[in-house]
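Within every chain, numbering begins at 1; the chains are lettered A, B, ... in the order of the sequence lines, protein sequences first and strands thereafter. The model shown is predicted, which means the values in this text are computed figures rather than measured ones.
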Amino acid sequence: MDIAVILRQVPDTEAAVKPDPARPGAILETDIKFILNPYDEYAVEEALRITQKLGGSAVGFCVGPERSEAALRTALAMGLERAVWVCEPAAWQADLVTQGRILAAAIKGGGFAPSLILCGREMIDTQEDAMAAAVAQALDIPHVLGAAKIELSGDKAVVSREVEGATLEIEATLPAAVSCSKGLNEPRYPTLIAIKRSKNKEIKKATLAELGVAPGPSQSKVLALKSPPPRAKGVRAEGEPAEVTAQGMDWLANTAKVI
Amino acid sequence: MAGILVWIETANGEVRKASREAAGVGARLAEKLKVPLAAVVCGADAAAAPKAGRLGFSKVFAAAGEGFRAYSSEAYCAAVAEAGNRLGADFYIVSATALGRDLAARLAARLGAALATDVTEIQWDSPALTVVRPVYSSKLLAVTELCAPVKVVSLRPNVFPAAPERDLAAEVVAITPEDGRIRAQVLKAIQAAQGVMDVTEAEVIVSGGRGVGGPEGFKLIEDLARTLRGAVGASRAAVDAGWIPYKHQVGQTGKVVSPVLYIACGISGAIQHFAGMGSSKFIIAINKDKDAPIMEKADFAMVADLFKVVPILKEELAKALKK
């Protein structure tokens with residue numbers, strides 16, 4: 001079973017991100033450590049487990065700027081066979097729906113016909129979680145978001161996902177696009193040998209012209225990034241538990257007015 | 001703007017609270033811009049349509065039938081698109097619940113629309129529609145202009161005021177979308193145990209972290225949550241230790257919540273945790289470590305042993321709430 005895995009490079013979760021005054025809507029990239037999107041690791045791991053069991057190729061696909069190569073190498077070191085990468089600014093500056101179209105064209109191109117398209121539940125930089133649906137719509141296949149479990153049988157996948165107050169078991173006809181959540185598996189750490197070998201794996205750059213996709217005018221534009229309003233300085237209570245609790249009760253009743 | 005369509009999500013035949021918030025935003029925007037407004041509901045029958053109407057809609061499109069008993073991206077998306085087409089809608093509003101996000105994603109791709117998810121502010125004074133949404137682990141807010149002719153937004157629950165119920169009799173319009181193919185179908189919905197509230201919908205969340213010490217410690221957290229009729233949350237450390245299931249995890253790799261009151265017990269407050277609960281209206285922290293990062297961010301910080309404070313707090317709250 002062939003599997004496409006959508007990859008993205010993002011700032012490390014601990015990174016102190018600041019708006020770039022010179023580029024509205026973008027962050028300052030100096031001193032920022034970039035990593036493979038943490039949720040993508042679950043997608044890579046799942047693809048590897050499935051192809052190891054059933055055979056087939058697991059190939060990465062990425063729309064992202066020049067720096068993204070490091071994230072692609074991480075996924076190759078984990079075990080993906082090769083990667084396809086669209087790194088033109090017109091591609092990675094496009095909105096999510098357009099990026100979904102570009103990824104769909106890249107997946108379809110080159111004679112690759114995966115039964116599953118996996119990606120991370122959310123891209124932690126833009127906090128968007130719609131990529132699996134955007135790619136699925138572009139390919140006219142079904143999608144399921146936020147998989148906590150994927151079971152394959154024949155031309156179907158049964159996917160478990162959490163919604164408010166319930167766990168859904170969803171049966172999707174393959175090919176399908178599924179976004180992967182925490183709990184799906186434990187992503188492996190690449191070994192040193194695997195990291196070394198991954199340097200010889202193929203990363204093929206694809207252009208929008210080759211893929212026959214014209215991004216068109218921007219659907220949405222980030223005008224500015226701003227810091228959330230700072231929280232007002234809080235109150236602190238120290239001392240005996242009964243006393244601390246009494247102060248807390250008073251605060252709940254008179255300041256927060258929630259009781 | 002030509003028309004606004006709001007998807008009203010139902011659970012067991014009732015309108016979800018988060019959808020009342022979406023209805024409120026739709027109504028205010030439609031009034032301000034003087035454009036037509038309608039709701040769309042999907043379900044096994046159209047019983048929820050009048051309930052949706054009472055949230056301020058004079059027209060409710062209803063897609064009813066077996067194919068709509070359970071949510072499916074494709075059938076629901078086809079129904080919303082059909083309703084939008086009938087209304088001449090170019091602005092679609094849903095709530096950013098799990099299914100709302102799913103629908104918004106597929107719908108935006110289908111319509112080639114601009115998509116903004118988990119929106120916390122909508123500015124409709126400028127000629128273009130501008131929204132604000134959290135990015136980069138909620139460390140920044142992105143002020144985003146939606147330029148495409150058709151726009152789809154999902155609204156973060158618990159942020160916008162809910163529409164009041166009014167005595168309105170809506171015109172219910174039955175719709176049958178043509179391409180209701182369902183290639184991803186719910187086989188089974190396993191409901192959470194009764195009385196267990198999901199963190200994303202709760203107005204009060206009591207959350208436990210490493211300081212809770214183990215699964216037994218979470219009994220204290222659950223007791224306090226029950227007293228406050230709230231939900232139980234957890235930090236990544238507590239979930240990774242296996243003390244509580246993942247669905248309770250709040251933060252970067254868990255759920256994003258915006259309750260009125262968030263009580264963090266034995267949670268240090270790493271930036272990844274704050275990413276999930278930083279927009280709570282009030283934050284109480286209970287921690288022995290006065291230097292824990294959460295103590296700086298809390299509105300009320302109790303420097304104390306949670307095992308001593310939480311039981312007393314529970315008793316006091318039970319008394320206060322009985323009055």
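The greatest number of non-hydrogen atom pairs below 4.5 Å with chain B, out of A:Val235, A:Thr173, A:Val159, A:Val222, is found for A:Val235. Of the listed residues B:Leu317, B:Ile271, B:Val132, B:Asp305, the one with more heavy-atom pairs under 4.5 angstrom with chain A than any other is B:Leu317. For the set B:Ala189, B:Ser279, B:Pro245, the entry with the most heavy-atom pairs within less than 4.5 Å of chain A is B:Ala189. Note: B:Pro134 leads B:Ala298, B:Ala320, B:Pro134, B:Ala304 in heavy-atom pairs under 4.5 Å with chain A. Chain A forms the most heavy-atom pairs under 4.5 Å with one residue out of B:Ala108, B:Ala285, B:Ser137, and that residue is B:Ser137. Put simply, of B:Ile284, B:Val199, B:Asp118, B:Val239, the one with the most heavy-atom pairs under 4.5 Å next to chain A is B:Ile284. Ranking B:Gly254, B:Ala270, B:Ala116, B:Ala11 against chain A, the residue ahead of the rest is B:Gly254, based on heavy-atom pairs under 4.5 Å.
Looking at A:Leu252 and B:Leu261, their side chains come closer than 4.5 Å, going by heavy atoms from C-beta outward. Put simply, the side chain of A:Lys182 reaches to within 4.5 Å of the side chain of B:Asp240, judged on heavy atoms. Put simply, the side chain of A:Ile27 reaches to within 4.5 Å of the side chain of B:Leu140, judged on heavy atoms. Residues A:Tyr39 and B:Thr253 form a side-chain contact, since some pair of their non-hydrogen atoms from C-beta on lies under 4.5 Å apart. Side chains of A:Leu168 and B:Lys188 form no contact here, defined as non-hydrogen atoms less than 4.5 Å apart. In this structure, the side chains of A:Arg161 and B:Asp102 come closer than 4.5 Å at one or more pairs of heavy atoms. Residues B:Gln185 and A:Ile170 form no side-chain contact, since every pair of their non-hydrogen atoms from C-beta on lies 4.5 Å or further apart. Inter-residue side-chain proximity for B:Thr144 and A:Lys221 is flagged as unmet; no heavy-atom pair is nearer than 4.5 Å.
For A:Ser181, the part lying under 4.5 angstrom from a heavy atom of chain B is the side chain only. Heavy atoms of B:Glu201 lying under 4.5 Å from chain A belong exclusively to its side chain. Proximity to chain A (any heavy atom under 4.5 Å) is restricted, for B:Ala113, to the backbone atoms N, CA, C and O. For A:Val158, the part lying under 4.5 angstrom from a heavy atom of chain B is the side chain only. Of the two parts of A:Val258, only the side chain, counted from C-beta on, holds a non-hydrogen atom closer than 4.5 Å to a non-hydrogen atom of chain B. For chain A, the nearby part of B:Tyr246 is the side chain; its heavy atoms alone come within less than 4.5 Å. For chain A, the nearby part of B:Thr200 is the side chain; its heavy atoms alone come within less than 4.5 Å. At a 4.5 Å heavy-atom cutoff, the contact between B:Val309 and chain A is made by backbone and side-chain atoms alike. If you measure heavy-atom distances from A:Ala176 to chain B, you find no contacts under 4.5 Å at all. For B:Phe274, the part sitting under 4.5 Å from any heavy atom of chain A is the side chain, from C-beta outward, and nothing else. There is no contact between B:Ser72 and chain A, counting heavy-atom distances below 4.5 Å.
In terms of heavy atoms, A:Gln219 sits closest to B:Gly112 at NE2-O, 2.6 Å.
Using a 4.0 Å cut-off between charged side-chain N and carboxylate O, B:Lys139 and A:Glu14 make no salt bridge. We find that A:Arg236 and B:Asp299 are not joined by a salt bridge, their nearest charged nitrogen and carboxylate oxygen being 4.0 Å or further apart.
Neither side chain, B:Arg110 nor A:Gln137, offers a donor N or O lying under 3.5 Å from an acceptor on the other. A donor-acceptor pair shorter than 3.5 Å can be found between the side chains of A:Thr13 and B:Gln272.
With values rounded to the nearest 0.5 angstrom, A:Glu128 atom CD is found 6.5 Å from B:Leu115 atom CG. For the atom pair B:Lys319 NZ and A:Ile259 CD1, the distance stands at 12.0 Å (nearest 0.5 Å). The distance from atom CD1 of B:Ile286 to atom OG1 of A:Thr245, rounded to the nearest 0.5 Å, is 7.5 Å.
Environment of CZ in B:Arg229: sparse, with no more than 12 heavy atoms of neighbouring residues, nucleotides or ligands closer than 6.0 Å.
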Exercise for review: Before giving the answer on side chain to side chain contact (heavy atoms under 4.5 Å, CB included), spell out for A:Asp140 and B:Arg183 the whole-Å C-alpha distance, their side-chain angles and the decisive distance to 0.1 Å.
Suggested key: CA-CA 10 Å; A:Asp140 190 21; B:Arg183 292 170 295 181; 3.1 Å; yes

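Of the possible donor and acceptor atoms, one in the side chain of A:Glu164 sits under 3.5 Å from a partner among the backbone N and O of B:Ala98. Judged purely by atom type and a 3.5 angstrom limit, A:Arg231 uses its side chain to pair as donor or acceptor with the backbone of B:Lys281.
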